[in-house]
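Below are the structure tokens for one structure; questions will follow.
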Amino acid sequence: KRNGGCIVLIAVCEDQKNDRQLLLEYLNTELERLRICAEILSYESGEALLAAAQKLSFQIYFLDIFMVKTNGVDTARALRARGTEAAIVFVTSSRDYFAEGFEVGAVHYLVKPYKKMDVRTALERCIKQVGKAECYIEIMVNREKRKILLSELIWAESNDKVCWLHLKTEDVRSYIHLDELQQLLSDPRFLRCHRSFLINMDLVNRVDKNFFYTIDDAEIPMRQAERARMRENYESYLFEKMRRRD
């Protein structure tokens, strides 16, 4: 779903092949570590990037300052003139362009030769600026690894060694214990409300004394001995979510 709200689209503009490949390697490593669903497209010139940006809505740009013809600073100015609010990182071998970076609202500078930790810092700053990125988990489905977007998972149930994941568009089966799935998710929106059930609290329509009712009209039970605590956890999550928006 490119530009469909579930993928962060990143542009890398670097005319030096070795530097470009190293940056792409570091970015892919960090995206995998953060479990962020993203797509990276690379370009060898400012002209090529600006042409692509007319059709694609990039949220993050990594721009080499020293390029033939349209350099990174001029590319950034052109992007800002079009009204983009994307996060921009300058890649450079010189610190002499910090003023220009301030002018176009650059998030970070990567000074060559850059290190993996520097790329990590730059990417994390970008993600913070563009908002919450979509995250995913990887599980085995039909003997193949599959990425499951967290926002797509409504609820999950376990049946012996099999776990059914009920997504917005389909149901998938995986040979994974619910305990293991819960550890993989590691996200405050998910609540283990029962020994055999786990729900995405963002996708709950309503709750009563005994059940959660999800957006797909499923009736998910709560642990009998902890129903009051389950409802309290849900209400606390909603309160914190509203507070963060304010």
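Everything numeric in this text was worked out from a predicted model, so none of it was measured. Positions are given from 1 along the sequence.
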Please determine if E152 and K147 form a salt bridge, counting it only when a charged side-chain N lies under 4.0 Å from a carboxylate O.
->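 K147 and E152: not salt-bridged.
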
Which heavy atom in F212 sits nearest to a heavy atom in M222, and how many Å separate them?
-> CE1-CG, 3.7 Å

Counting heavy atoms not belonging to R82, are there more than 12 under 6.0 Å from its CZ?
-> yes

Please round to the nearest 0.5 Å and tell me the distance separating atom CD of Q183 and atom NE2 of H177.
->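 These two atoms lie 11.5 Å from each other.
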
Just wondering, do C13 and M67 contact through their side chains at under 4.5 Å, heavy atoms?
-> yes

In short, V130 meets A87 closest at the heavy-atom pair CG1-CB, 4.1 Å

Does a side-chain heavy-atom distance below 4.5 Å link L123 with Y26?
-> no

Is it possible for you to say whether L149 and I176 belong to one hydrophobic cluster, with membership spreading through side-chain heavy-atom contacts below 4.5 Å?
-> no

In this structure, OG1 of T75 is separated from CG of L49 (nearest 0.5 Å) by 6.5 Å

Determine the minimum heavy-atom distance between C126 and V107, stating which atoms define it.
-> N-CG1, 4.1 Å

Using atom types as modelled and distance alone, determine if a side-chain donor or acceptor of R35 lies under 3.5 Å from a backbone N or O of E138.
->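 Pair absent, no side-chain N/O of R35 close to backbone of E138.
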
Look at the side chain of S158 and the backbone N and O of L178, then say whether any donor-acceptor pair between them is shorter than 3.5 Å.
->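 No.
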
Report yes if the side chains of L153 and F190 come closer than 4.5 Å at any heavy-atom pair, otherwise no.
->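 Of all side-chain heavy-atom pairs linking F190 with L153, at least one is under 4.5 Å.
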
Taking atom CE of M201 and atom OG1 of T214, what is their separation to the nearest 0.5 Å?
->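 M201 atom CE to T214 atom OG1 measures 14.0 Å (nearest 0.5 Å).
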
Does R77 reach the main-chain N or O of R80 with its side chain, forming a donor-acceptor pair under 3.5 Å?
->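 No, the answer is negative, given that no donor and acceptor are paired below the 3.5 Å cut-off.
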
Output yes when a side-chain donor or acceptor of Y114 lies under 3.5 Å from a complementary backbone atom of D19, and no otherwise.
-> yes

Is it the case that one hydrophobic cluster holds both W155 and L184, taking links as side-chain heavy atoms less than 4.5 Å apart, direct or via other members?
->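 Shared cluster, no.
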
Do the side chains of L165 and I139 get nearer than 4.5 Å, heavy atoms only?
-> yes

Single hit among N233, V207, V204, I220 for side chain to side chain contact (heavy atoms under 4.5 Å, CB included) with C193 =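 It is I220; the other options fail the test.
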
Among the clusters formed by ILVMFWY side chains lying less than 4.5 Å apart, do L27 and I127 turn up in the same one?
->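 They do share one cluster, since a chain of ILVMFWY contacts under 4.5 Å joins L27 to I127.
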
Is the count of non-hydrogen atoms from other residues, nucleotides or ligands lying under 6.0 Å from E124 atom CD greater than 12?
->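 Correct, the count exceeds 12.
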
For the side chain of E47 and the backbone of T70, is there at least one donor-acceptor N/O pair under 3.5 Å apart?
-> yes

Decide, yes or no, whether a salt bridge links E25 with R20 under the criterion of side-chain N to carboxylate O below 4.0 Å.
-> no

Non-hydrogen side-chain atoms of L191 and I199 separated by less than 4.5 Å =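 Counting from C-beta outward, L191 and I199 do come under 4.5 Å.
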
Does the side chain to side chain contact (heavy atoms under 4.5 Å, CB included) test come out yes or no for L110 and T92, once each step is laid out?
-> CA-CA 6 Å; L110 283 176; T92 178; over 6 Å; no

Do the non-hydrogen side-chain atoms of V104 and F90 ever get within less than 4.5 Å of each other?
-> yes

Under 4.5 Å between any side-chain heavy atoms of V8 and E39, yes or no?
->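 SC-SC contact between V8 and E39 ruled out.
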
What do the steps show when you test L31 against I10 for side chain to side chain contact (heavy atoms under 4.5 Å, CB included), and what is the final call?
-> CA-CA 11 Å; L31 289 167; I10 302 173; 4.1 Å; yes

Could E170 and R146 be called an ion pair, given the rule that one side-chain N must be under 4.0 Å from one carboxylate O?
-> yes

Can any side-chain N or O of D187 pair as donor or acceptor with the backbone N or O of R189 at less than 3.5 Å?
->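 The answer is yes, because a donor-acceptor pair under 3.5 Å joins these two groups.
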
Using modelled atom types only, decide if a donor and an acceptor are shared between the side chain of R192 and the backbone of Q182 within a distance under 3.5 Å.
-> no

Intermediate values then yes/no, side-chain hydrogen bond (donor to acceptor under 3.5 Å, both in side chains), E157 and H166 = CA-CA 8 Å; E157 61 179 321; H166 300 270; 2.8 Å; yes

Whether Q59 side chain and L9 backbone form a donor-acceptor pair below 3.5 Å | yes

Hey, mind stepping through K168 and D216 against salt bridge (charged side-chain N to carboxylate O under 4.0 Å, His left out) and telling me if it holds?
-> CA-CA 8 Å; K168 289 179 179 178; D216 59 345; over 6 Å; no

Is F197 reachable from V162 through a run of hydrophobic residues whose side-chain heavy atoms are each under 4.5 Å from the next?
-> no

Judged by modelled atom types alone, do H194 and R223 share a side-chain donor-acceptor pair under 3.5 Å?
-> no

Is the backbone of F211 close enough, under 3.5 Å, to the side chain of D208 for a donor and an acceptor to pair up by distance?
->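 Yes, the answer is positive, given that a donor and an acceptor are paired below the 3.5 Å cut-off.
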
Using 30° and 60° as the class limits, which term best fits the ring planes of F58 and Y43: parallel, tilted or perpendicular?
->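 Judged by the thresholds at 30° and 60°, the geometry between F58 and Y43 is perpendicular.
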
Identify the heavy atoms of Y136 and E32 that sit nearest to each other, and give their distance.
->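 Smallest interatomic distance, heavy atoms only, reads OH-CA, 4.2 Å.
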
Is it true that E232 and R229 have a side-chain N and a carboxylate O under 4.0 angstrom from each other?
-> no

Mind checking whether K115 and D118 have side chains closer than 4.5 Å, heavy atoms only?
-> yes

Indicate if L63 and L41 have the same hydrophobic cluster label, given that clusters are the connected sets of ILVMFWY residues with side-chain heavy-atom separations under 4.5 angstrom.
->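 Same cluster.
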
In terms of heavy-atom contacts, A48 and S45 come closest through N-OG, 3.1 Å

Closest approach of S151 to L203 (non-hydrogen atoms, all atoms of both residues) | O-CD1, 3.7 Å

E14 (side chain) donor-acceptor with Q16 (main chain) under 3.5 angstrom = yes

When V91, D64, V89, I40 are each screened for side chain to side chain contact (heavy atoms under 4.5 Å, CB included) with L23, the one that passes is V91

Report the C-alpha separation of L79 and Y61 in whole Å, then their side-chain angles, then the decisive distance to 0.1 Å, and conclude whether the side chain to side chain contact (heavy atoms under 4.5 Å, CB included) test is met.
-> CA-CA 10 Å; L79 291 168; Y61 292 91; 3.6 Å; yes

